[in-house]
Amino acid sequence: MRYDLVIFDNDGVLVDSEPISNRLLAGYLTELGHPTSYEESLRDYMGAAMHRVHDLVEERTGERLPDDFDDVFHARVFAAFERELKPVAGAVEVLERLVADGVPYCVASSGSHERIRVGHRTTGLDEWFEDEWVFSSEDVGRGKPAPDLFLYAAERMGVAPERCVVVEDSPLGVRAAVAAGMDVYGFTAMTPVERLSGVTQLFGDMGQLADLLE
């Protein structure tokens with residue numbers, strides 16, 4: 001393997017959560033008087049930390065979202081996860097290969113630690129991740145597209161940034177990885193190829209990833 005650490009984004013890369021969470025986000029924003037389509041939610045918020053939702057709504061409308069917005073939204077998302085969430089097809093096979101080859105890996109997500117844990121527990125991915133291999137935007141001051149989260153994950157895992165590869169499916173995540181000085185493999189299952197400019201490699205089937213990393 002050409003890298004010393006594989007850093008996975010979580011939503012849309014390990015767990016198939018983006019359709020669920022963006023459907024609910026669009027619906028909740030619309031309910032609050034900020035009409036948002038599913039496609040607009042994907043465009044504006046996919047891969048982002050929650051502060052981006054607050055910032056964009058206030059920037060565009062001059063209105064602040066309710067103080068309990070995050071709590072209500074996460075309650076809806078977690079309930080839907082329990083009913084609907086599945087691992088991304090091929091994700092377990094990639095993790096199996098990395099373990100077999102002795103390649104360290106971790107997850108670095110814009111989502112909260114609670115969201116990551118709920119998603120992994122629901123899909124059975126929790127058995128593949130020790131607590132110290134899980135990093136959230138909560139751990140750093142700025143979420144993606146700032147490089148802070150990926151740099152923090154690399155530091156905690158003891159690997160130089162240039163020896164890391166990031167697996168991402170969002171434009172914000174790709175920008176963060178590039179800014180961190182890391183190679184980045186862009187997963188195109190939900191994101192148009194043209195929105196993932198700057199990646200080292202594009203791929204559309206998670207089952208292909210282990211071979212591509214060799």
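Under the 4.5 Å side-chain heavy-atom criterion for grouping Ile, Leu, Val, Met, Phe, Trp and Tyr, L196 is connected to L212 within one hydrophobic cluster. In this structure, V193 is not a member of the same hydrophobic cluster as L42, with clusters built from ILVMFWY side-chain heavy atoms closer than 4.5 Å. Under a hydrophobic-cluster definition in which Ile, Leu, Val, Met, Phe, Trp and Tyr are linked whenever side-chain heavy atoms come within less than 4.5 Å, directly or via other members, V159 and V166 are assigned to the same cluster. Criterion: ILVMFWY side-chain heavy atoms under 4.5 Å apart, direct or through other members. Under it, I7 and Y152 are part of a common hydrophobic cluster. In the hydrophobic cluster analysis, where Ile, Leu, Val, Met, Phe, Trp and Tyr join through side-chain heavy atoms closer than 4.5 angstrom, L172 is grouped apart from L14.
Using a 4.5 Å heavy-atom cutoff, the side chains of V103 and V6 are in contact. No side-chain heavy atom of V165 sits less than 4.5 Å from a side-chain heavy atom of R2. At least one side-chain heavy atom of F73 sits less than 4.5 Å from a side-chain heavy atom of V77. Put simply, the side chain of V15 reaches to within 4.5 Å of the side chain of N10, judged on heavy atoms. Using a 4.5 Å heavy-atom threshold, the side chains of D11 and S109 count as touching. Two residues are said to be in side-chain contact when any heavy atoms from C-beta on lie closer than 4.5 Å; L149 and K144 meet this criterion. Between L85 and I20, the closest side-chain pair of non-hydrogen atoms falls below 4.5 Å. Put simply, the side chain of S17 reaches to within 4.5 Å of the side chain of F81, judged on heavy atoms.
Atom CZ in R64 sits 5.0 Å away from atom CD in E58 (nearest 0.5 Å). With values rounded to the nearest 0.5 angstrom, L24 atom CG is found 10.5 Å from E31 atom CD. To the nearest 0.5 Å, atoms CD (Q201) and CG (L209) are separated by 9.5 Å. Atom CG in D148 sits 4.0 Å away from atom CZ in R142 (nearest 0.5 Å). In this structure, the separation between CG on N22 and CG on L29 is 10.0 Å, given to the nearest 0.5 Å. Atom CD of E18 is separated from atom CG of L25 by 10.0 Å, given to the nearest 0.5 angstrom.
Without hydrogens or angle criteria, T200 side chain to V184 main chain gives a donor-acceptor distance under 3.5 Å. When atom types are taken as modelled, the side chain of E40 and the backbone of S37 share a donor-acceptor pair closer than 3.5 angstrom. Of the possible donor and acceptor atoms, none in the side chain of R43 sits under 3.5 Å from a partner among the backbone N and O of Y38. With D205 contributing its side chain and G207 its backbone, the two residues share a donor-acceptor pair below 3.5 Å.
The two residues L151 and A180 have their closest heavy-atom pair at CD2-O, 3.6 Å. Of all non-hydrogen atoms in G102 and P104, the two that sit nearest each other are O-CD, 3.5 Å. Shown here for P66 and L32, the closest heavy-atom pair between the two residues is CD-CD1, 3.9 Å. The two residues A189 and G204 have their closest heavy-atom pair at CB-O, 4.4 Å. Here the closest heavy-atom approach between residue A146 and residue A176 is recorded as O-CB, 3.3 Å.
A perpendicular orientation is assigned to the rings of Y185 and Y3, their planes being inclined by more than 60° (bins at 30° and 60°).
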Output, in order, the C-alpha distance, side-chain angles, deciding distance and verdict of salt bridge (charged side-chain N to carboxylate O under 4.0 Å, His left out) for E168 and R195.
CA-CA 12 Å; E168 263 289 354; R195 297 199 67 211; over 6 Å; no
Mind running side-chain contact (heavy atoms from CB on, under 4.5 Å) on M157 and D4 for me, showing each step along the way?
CA-CA 10 Å; M157 296 293 290; D4 296 335; over 6 Å; no
Report the C-alpha distance between D16 and K86 in whole Å, list the side-chain angles of each, state the deciding distance to 0.1 Å, and finish with yes or no for salt bridge (charged side-chain N to carboxylate O under 4.0 Å, His left out).
CA-CA 6 Å; D16 195 16; K86 295 179 173 60; over 6 Å; no
Verdict with reasoning, M182 to R163, per side-chain contact (heavy atoms from CB on, under 4.5 Å)
CA-CA 7 Å; M182 301 175 180; R163 298 297 306 154; over 6 Å; no
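Side chains of D169 and T191: no donor on one and acceptor on the other come within 3.5 Å.
Every pair tested for salt bridge (Lys or Arg N to Asp or Glu O under 4.0 Å) that includes a residue from residues 170-194 fails, sequence neighbours excluded, so the list is empty. Counting only residues at least two apart or on different chains, the ring-ring contact (aromatic ring centres under 6.0 Å, His included) pairs with a member in residues 187-212 are F187-F203.
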Only pairs under 3.5 Å count here: list side-chain donor-acceptor contacts from residues 129-141, not counting sequence neighbours, and write none if there are none.
| unit_1 | atom_1 | unit_2 | atom_2 | d |
| --- | --- | --- | --- | --- |
| S136 | OG | G111 | O | 2.7 |
| S136 | OG | E138 | N | 3.0 |
| S137 | OG | S110 | O | 2.7 |
| E138 | OE1 | H113 | N | 3.0 |
| D139 | OD1 | H113 | NE2 | 2.9 |
| D139 | OD2 | H113 | NE2 | 3.1 |
| D139 | OD2 | S136 | N | 2.9 |

Going by atom type alone, with no hydrogens or angles, which donor-acceptor pairs under 3.5 Å involve a side-chain atom of residues 45-55 and a protein atom two or more places apart or on another chain?
| unit_1 | atom_1 | unit_2 | atom_2 | d |
| --- | --- | --- | --- | --- |
| R52 | NE | D44 | O | 2.6 |
| R52 | NH2 | D44 | O | 3.3 |
| H54 | NE2 | D70 | OD1 | 2.7 |

Scan the side chains in residues 87-98 for donor-acceptor partners under 3.5 Å anywhere in the protein, sequence neighbours excluded, and list what turns up.
| unit_1 | atom_1 | unit_2 | atom_2 | d |
| --- | --- | --- | --- | --- |
| R97 | NH1 | D211 | OD1 | 3.2 |
| R97 | NH2 | D211 | OD1 | 3.2 |
| R97 | NH2 | E214 | OE2 | 3.4 |

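For F78, the ring pair (Phe, Tyr, Trp, His ring centres under 6.0 Å) partners two or more places apart in sequence, or in a different chain, are H74.
The pair R23-E84 meets the salt-bridge criterion, since a charged nitrogen lies less than 4.0 angstrom from a carboxylate oxygen.
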